[in-house]
K.L.:
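One structure follows; several queries about it will come next.
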Amino acid sequence: MSFDFLWQGFGVALLPQNLLIGLIGCFLGTMIGALPAIGPINGIALLLPIAYTAGLPPESTLILLAGVYYGAEYGGRISSILLNVPGDAGAVMTALDGYPMARRGEATKALAISGISSFIGGILAVVGMTFLAVPLSWLAIKFGPAEYFVLMVFAFATLGSMVGHEPAKTLIGCVLGLMLTTIGLDATSGAYRFTFEQAELHDGIEFIILVIGLFSISEVLLMLEHQLKGTLRPLAVSGAYPSWADIRFIWWPSVRATVIGFVIGVLPGTGASVASAVSYTTEKRLNDKEGTFGTGDMRGLAAPEAANNAAATGAFVPMLTLGVPGSGTTAVMLGALMLYNIQPGPQLFVEQPKLVGGLIASMYVGNLLLLVMNLPLVQLFARVLLMPNWILIPGITALSILGVYSAYASVMSVLIMFGIGVAGYLLRKLGFDMAPIILGFVLGRVMEVNLRNALALSGGDPGILFASPLAIILWIMAGAIVILPWWLRRRARPTAVPAA
Amino acid sequence: MTDTSRNARLSGRIAALALLAFALVYGLFGARIEYAFASDPIGPRGFPVALALVLALLALWYLARPGEAEEWPGRAGLGAALAFLGTSVACLLVFDHAGFVPSMAVLMAVIARLFGAGWITAILGGIGQALLWWLLFGPLLGGNLPKGLLGF
């Protein structure tokens with residue numbers, strides 16, 4: 001395969017006009033991403049008609065939209081880290097270690113680390129896409145229900161890392177997350193499950209309602225308690241950036257997370273939320289020897305950040321090569337291509353080198369622009385925390401309500417969010433971790449639907465789960481992630497230990 | 001044994017019993033899900049029933065070893081939490097009728113007051129925040145917020 005499309009693409013992306021458009025897209029995207037519930041889809045849906053009527057050529061439009069998409073990935077973690085309010089689905093795992101860092105006074109550092117690992121994830125994934133887009137597209141076709149099910153088994157195997165000193169609580173959290181996914185219309189049989197004849201529950205509990213309730217409403221309740229005890233002190237915000245040693249520290253976790261994120265992103269139906277959850281638990285499984293994950297470990301912040309940016313890039317692969325969008329946002333971008341009468345498919349790279357090349361080249365440029373733009377901006381964003389609590393906490397509550405209300409336009413959804421928030425508060429007081437609940441919820445529906453579809457295909461024969469080479473590879477990976485850390489620990493132990 | 005760890009075990013046990021009861025109710029409802037046909041051998045009841053069983057077993061484990069838990073807030077803490085939740089629910093119930101700005105102004109003011117602002121600061125801050133969020137999510141971002149009494 002020749003890379004003519006790439007050189008032509010850089011020619012397009014580096015035109016002053018397109019650079020400016022990319023910059024505008026990145027900036028708007030960061031701002032849109034920073035507000036909860038208003039995600040890249042809203043931004044793109046808002047800008048697409050404007051770009052079309054302004055008569056921009058297709059490659060400029062795509063560059064603008066890709067800029068918004070990327071910018072939102074960078075911006076979505078700001079509220080996650082500063083306020084424990086995840087800006088979008090991919091930013092949930094970011095809060096687990098990012099928010100404790102901010103509470104420690106390291107908000108600037110956490111935001112910068114998130115920007116840097118996002119850059120690593122984004123740029124490596126674009127390199128992967130440049131060279132592997134066409135060969136990788138077969139992977140997206142080979143994934144049937146059986147393979148998706150085994151992929152979820154692999155994801156749950158990484159959960160082993162979550163089992164801390166109170167395994168019952170971790171597992172209960174995971175089961176509660178799984179139970180929440182069974183609410184709503186069952187796609188396979190058309191049965192309504194646990195909806196109690198409430199129309200609002202027919203589509204199930206939306207992810208964003210769950211996470212905003214679990215994280216931010218329960219956080220407000222906890223802060224209220226500290227306020228009364230007089231232990232809620234204003235935060236210190238140090239302006240210190242991460243050092244080179246910090247960046248070396250997060251390098252390998254980010255690279256591993258990029259690979260996981262990119263592959264998961266390529267698969268249609270699994271997106272940034274699965275990618276960031278799996279990379280977080282994988283990193284914790286491999287590296288959390290001192291139990292620092294969840295208390296503000298930089299690696300726990302870097303891994304999901306790199307993964308969700310890599311997944312965002314990976315989602316372009318099936319969209320461009322097969323015309324199958326890997327995420328909601330790429331579905332809207334597919335619509336944009338069709339608006340210009342461009343039919344995606346394997347031939348796109350040959351027939352439209354300027355367009356594909358321009359898009360890919362703009363991803364290189366966009367990631368660089370975002371890094372350069374974000375590093376100085378984090379000083380500004382971190383200052384949000386210096387506001388007094390009587391301004392900050394009503395603001396968190398308002399953002400939580402607006403986040404849910406503007407997405408679903410229903411007061412009932414907001415009330416459900418408050419209910420989940422109270423449950424989250426009780427569980428946190430009882431020593432439960434929020435991460436297993438999120439993981440169970442993210443993986444549950446994909447797992448159940450694909451297991452049942454696989455068995456429907458095979459007429460009930462479970463042999464289908466081991467039928468393809470891809471499935472067997474995934475089973476081996478799942479086995480390895482369970483056994484490997486245990487085996488490594490054994491080897492690391494001095495041999496002087498008696499074999500009794 | 002200290003009072004703290006005794007209290008923690010007690011609240012853990014109560015939570016375990018609540019989870020057990022929840023597993024039971026969830027499982028009973030799950031086993032009675034109605035459906036016309038199922039194209040797969042597991043059907044819509046399979047997962048819920050299995051999950052209920054697993055949760056029940058885990059709840060028994062939790063009951064046996066309740067582990068650690070934090071201290072619960074006292075009477076004042078409970079009052080503040082109820083004030084926060086009560087005002088939130090009340091404001092949300094009138095949200096569509098009263099409109100975004102009035103109901104949010106009340107809620108923001110009450111929260112500001114709970115977090116240590118004086119009455120006047122709280123009221124002014126509440127009105128200010130409500131207007132600010134309305135401006136951002138309404139006219140600027142094109143969101144559809146309830147108009148209500150004030151007509152905007």
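Numbers restart at 1 for each chain; the letters A, B, ... are given by sequence-line order, proteins then strands.
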K.L.:
If I measure from the heavy atoms of chain A, does B:Leu132 come under 4.5 Å with its side chain, its backbone, both, or neither?
P.N.:
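Neither part.
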K.L.:
So what's closer than 4.5 Å to chain A heavy atoms on B:Leu107: side chain, backbone, both or neither?
P.N.:
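When you check distances to chain A, only side chain atoms of B:Leu107 fall under 4.5 Å.
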K.L.:
Against chain A, label B:Tyr26 side chain, backbone, both or neither, depending on which of its atoms sit under 4.5 Å from a heavy atom there.
P.N.:
both
K.L.:
Under 4.5 Å heavy-atom distance to chain A, tell me which part of B:Phe84 shows up: side chain, backbone, both or neither.
P.N.:
side chain
K.L.:
For A:Leu430, is it the side chain, the backbone, both, or neither that has a heavy atom closer than 4.5 Å to a heavy atom of chain B?
P.N.:
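A:Leu430 touches chain B through backbone and side-chain heavy atoms alike.
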K.L.:
Can you tell me if A:Phe194 has over 12 outside heavy atoms packed within less than 6.0 Å of its CZ?
P.N.:
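Above 12, so yes.
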K.L.:
Between A:Met223 and chain B, with a heavy-atom cut-off of 4.5 Å, which part of the residue counts as in contact: side chain, backbone, both or neither?
P.N.:
both
K.L.:
Below 4.5 Å from any heavy atom of chain B, which atoms of A:Ala398 appear? Answer side chain, backbone, both or neither.
P.N.:
both
K.L.:
Measure A:Tyr192 against the heavy atoms of chain B and call it side chain, backbone, both or neither at under 4.5 Å.
P.N.:
backbone
K.L.:
Check each atom of A:Lys229 against the heavy atoms of chain B and say whether the ones under 4.5 Å are side chain, backbone, both or neither.
P.N.:
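When you check distances to chain B, no heavy atom of A:Lys229 falls under 4.5 Å.
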K.L.:
Please flag which part of B:Met104 lies under 4.5 Å from any non-hydrogen atom of chain A: side chain, backbone, both or neither.
P.N.:
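When you check distances to chain A, only side chain atoms of B:Met104 fall under 4.5 Å.
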K.L.:
Below 4.5 Å from any heavy atom of chain A, which atoms of B:Val54 appear? Answer side chain, backbone, both or neither.
P.N.:
side chain
